[in-house]
Amino acid sequence: MTDPWSGGQYAGSVRVRFAPSPGGHLHVDELRTALFGWAFARHTGGAFVLSIDDVDGPGDGTAEVAEEHVAAAREALHWLGLNWDEGPDQGGPYGPYRQSERIELYHQWAQRFLDTGYAYWCYCSPEELAARHESGAGTSDYDRYCRTLTPDQVQAYLAEGRQPVLRFRMPDGSTTFTDLLGGELTVDHQAVPDFVLMHADGRPLHGLTSAVDDATMRISHVIRDTSQLPATPRELAVYRAMGLPEDQFPVFAHVAGLVGEDGEKLSRHHAVTAIDRYRRDGFVPEALDNYLASLGWSPEDGRAEFTVDDLVGGFDLARVRTSAAEFDPAELETLNGTKIRALTPADFARRIVPFLAQSGLVTEPLSSDQMWFIRDGAPLIQDRITRLTEVPAQLAFLLVPDPGFHPQPADAAAVLTAEAATPLKAAAEALAALPDWTAEAIEQALSAALVDGPGPGPGPEAARTPVQVAVTGRREGPPLPGSLALLGRERTLARLASAQASLPS
RNA sequence: GGUCCCGUCGUCUAGUGGCCCAGGACGCCGCCCUCUCAAGGCGGUAACGCCGGUUCGACUCCGGUCGGGACUACCA
């Protein structure tokens with residue numbers, strides 16, 4: 001336990017920060033990165049820190065946008081069970097955790113960098129920059145034009161009324177660092193431009209804020225998407241400029257992103273990205289946690305199915321793969337069915353209620369009849385669905401008030417034909433005569449009536465389907481005897497009668 | 001263009017020089033079970049990108065090559 005991958009050397013002092021990208025809803029790939037960071041923090045007994053990047057985001061940095069941002073992060077993280085120890089809600093020793101409340105801090109460091117020569121003002125206009133890029137020899141980096149301005153030149157620019165931005169003076173040389181996932185890396189500073197720290201109006205940029213936040217929040221492990229890897233040298237340079245001792249630098253672990261079917265990084269144009277969609281679509285968080293983690297990490301015993309506890313218990317950065325993985329909706333779907341089946345019956349019954357309410361089959365608070373139907377009906381279907389959204393269709397026959405009950409037109413047309421008269425009649429007679437209304441008795445009565453009944457004797461399957469459609473309204477569904485037992489004799493016979501009456505002659 | 005990263009079945013992965021003519025899972029195909037639809041059980045399909053090198057031995061190490069991706073902002 002002394003290698004950095006398992007976090008052993010940081011035991012108890014691991015601190016991982018998650019800063020969701022601004023813009024409202026979270027994406028599955030950033031949630032996966034969060035999941036890894038969270039698992040690492042939990043595995044090592046460290047802290048998981050939530051911070052909000054609400055400075056200068058796409059939404060113009062308005063207060064409402066920032067609040068939406070916080071709410072979206074909170075909701076998604078809660079749903080997946082990723083709890084955090086410090087954040088905008090509960091605060092913590094290194095707060096505040098909203099960048100908009102840390103402006104003062106960024107300004108202090110900006111000033112310090114100016115004083116120590118690590119930063120300088122740049123008066124170039126965007127147009128001038130663009131023009132020089134055009135004529136320049138291929139390089140798109142900033143040409144460091146304003147590094148060596150004379151006082152006279154500065155005076156002249158100021159007299160013109162130019163508003164300067166603050167740039168970081170990238171030192172000469174190169175940076176070598178070890179990425180926990182990618183291994184040792186050396187980047188020549190030639191390839192790292194003098195990036196902008198602060199807008200002319202004082203708004204800090206990510207190059208400043210992320211380094212300052214990680215350093216001042218005493219983050220030990222920066223676990224983030226690999227797209228951030230090229231930014232690492234400049235962050236290390238900022239730490240040095242801040243005077244942070246090397247042994248207090250966070251270590252980096254860049255996890256490869258998720259890609260879509262087209263092999264490209266998951267982004268807004270992929271249908272599968274937004275996390276809130278999955279809850280609405282009947283996925284359980286256990287499935288998302290498991291599936292997302294399995295994209296890159298695997299437990300030592302190799303199982304594809306595991307719980308978050310397994311994840312926390314066995315998590316090790318050394319077991320995280322470094323190549324990008326494709327997000328496969330089909331596999332998530334299968335896993336979701338598995339996780340649903342693993343739920344206790346009571347838990348399952350509880351979780352399907354919102355979906356029944358959503359479809360209008362029940363309204364909360366539930367009546368005692370409804371509770372009874374849900375509790376007893378749930379086990380009938382728990383094994384046969386893959387998403388919670390399938391529940392309403394499966395249980396509708398029980399929950400719909402009788403006057404509103406009608407078989408599905410398509411199924412009725414296919415099955416409730418003139419030939420159905422015989423089996424329907426036979427079933428109704430057998431069921432009416434039953435002494436005990438239990439699933440077993442119903443099963444026996446049905447078999448006897450439909451196989452040995454009068455008439456030319458259609459096969460048991462062909463005879464049973466009309467009964468199924470007449471009573472449950474659909475050709476597919478939970479086992480018939482159990483369904484009828486729950487429905488009750490009265491309602492069953494009434495539906496049989498009404499189906500017989502509606503048959504074409 | 002430049003800098004960097006990645007490369008095992010269709011997909012997710014196991015594999016850290018012999019245990020691998022490569023194991024598991026999803027998908028797909030077939031069979032069994034069966035009152036529908038599922039679930040479950042059994043079996044099958046299918047991969048180390050390519051070329052060299054190191055070695056008695058390479059999926060594992062090295063070099064090259066090809067392919068994919070990221071970054072390259074006064075966005076975060």
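Order of the sequence lines fixes the chain letters, A, B, ..., with proteins taken first and strands second; residue numbering starts at 1 for each chain.
Across all strands shown, B/rC4 pairs with B/rG69; the Watson-Crick or G-U wobble distances both stay below 3.5 Å. If you check B/rA25 for Watson-Crick or wobble pairing at under 3.5 angstrom, you find it paired to B/rU11. The pairing partner recorded for B/rC74 is none, the criterion being a Watson-Crick or G-U wobble arrangement whose two distances lie under 3.5 angstrom. Searching all strands for a Watson-Crick or G-U wobble partner of B/rC20 with both distances below 3.5 Å returns nothing. Across all strands shown, B/rC51 is found opposite B/rG63 as a Watson-Crick or G-U wobble partner, with both distances under 3.5 Å. B/rG40 is paired with B/rC32 under the criterion used here, namely a Watson-Crick or G-U wobble arrangement in which both key atom distances are under 3.5 Å.
The nucleotide whose nearest atom lies closest to any side-chain atom of A/Arg341 is, among B/rG40, B/rC35, B/rU3, B/rG40. Distances from the side chain of A/His206 to the nucleotides B/rC35, B/rA76, B/rA25 place B/rA76 closest. Closest approach to the A/Val165 side chain among B/rU36, B/rC35, B/rC74 is made by B/rC74 (side chain taken as heavy atoms from C-beta onward). Checked against B/rA25, B/rU3, B/rA76, the side chain of A/Ala191 finds its nearest nucleotide in B/rU3. Of the candidate nucleotides B/rA76, B/rC75, B/rC26, B/rC75 has the atom lying nearest to any side-chain atom of A/His199. Of all nucleotides listed (B/rC26, B/rA70, B/rA76), B/rA70 comes nearest to the side chain of A/Ser227.
If you check every strand for non-hydrogen atoms under 4.0 Å, A/Gln468 touches a base. Across all strands, A/Gln190 comes closer than 4.0 Å to no nucleic acid atom at all (heavy-atom distances). Counting any heavy atom pair closer than 4.0 Å across all strands shown, A/Gly257 reaches no nucleic acid atom. At a threshold of 4.0 angstrom between heavy atoms, the contacts of A/Pro479 include nucleobase atoms, whether or not backbone atoms are also involved. Contacts of A/Ala256 with the nucleic acid, taken as non-hydrogen atoms under 4.0 Å apart, are absent. A/Leu480 comes within 4.0 angstrom of a nucleotide base, judged by non-hydrogen atoms across all strands. A/Arg303 comes within 4.0 angstrom of nothing in the nucleic acid, heavy atoms only.
In this structure, A/Glu235 pairs ionically with A/Arg224, as a charged nitrogen and a carboxylate oxygen lie closer than 4.0 Å.
When rounded to the nearest whole Å, the span between CD of A/Glu331 and P of B/rC26 equals 8 Å. Atoms CG (A/Leu205) and P (B/rU72) sit 13 Å apart, rounded to a whole Å.
Between B/rC21 and B/rA46, the distance separating the two C1' atoms is 15 Å to the nearest Å.
In this structure, A/Phe306 has its ring center under 6.0 Å from that of A/Trp297.
Under the rule for a side chain to side chain contact (heavy atoms under 4.5 Å, CB included), the partners of A/Arg147 that lie at least two apart in sequence or sit in another chain are A/Tyr120, A/Arg144, A/Arg169, A/Met170, A/Asp194. Contacts of A/Asp328 classified as salt bridge (Lys or Arg N to Asp or Glu O under 4.0 Å), with partners at least two apart in sequence or in another chain: none.
Using a 4.5 Å heavy-atom cutoff, the side chains of A/Leu236 and A/Phe252 are in contact. Side-chain contact between A/Pro379 and A/Phe348 is absent, with no heavy-atom pair separated by less than 4.5 Å. Under the 4.5 Å side-chain criterion, counting only non-hydrogen atoms from C-beta, A/His27 is not in contact with A/Leu266.
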Exercise for the section: Any chance you could list the contact pattern along nucleotides 4-9 of chain B? Use B for base contacts, S for sugar-phosphate-only contacts and - for none, protein heavy atoms under 4.0 Å, 5' to 3'. Expected result: SSSSB-
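Ring orientation note: the planes of A/Phe168 and A/Tyr118 are close to parallel, at an angle under 30° on the 30°/60° scale.
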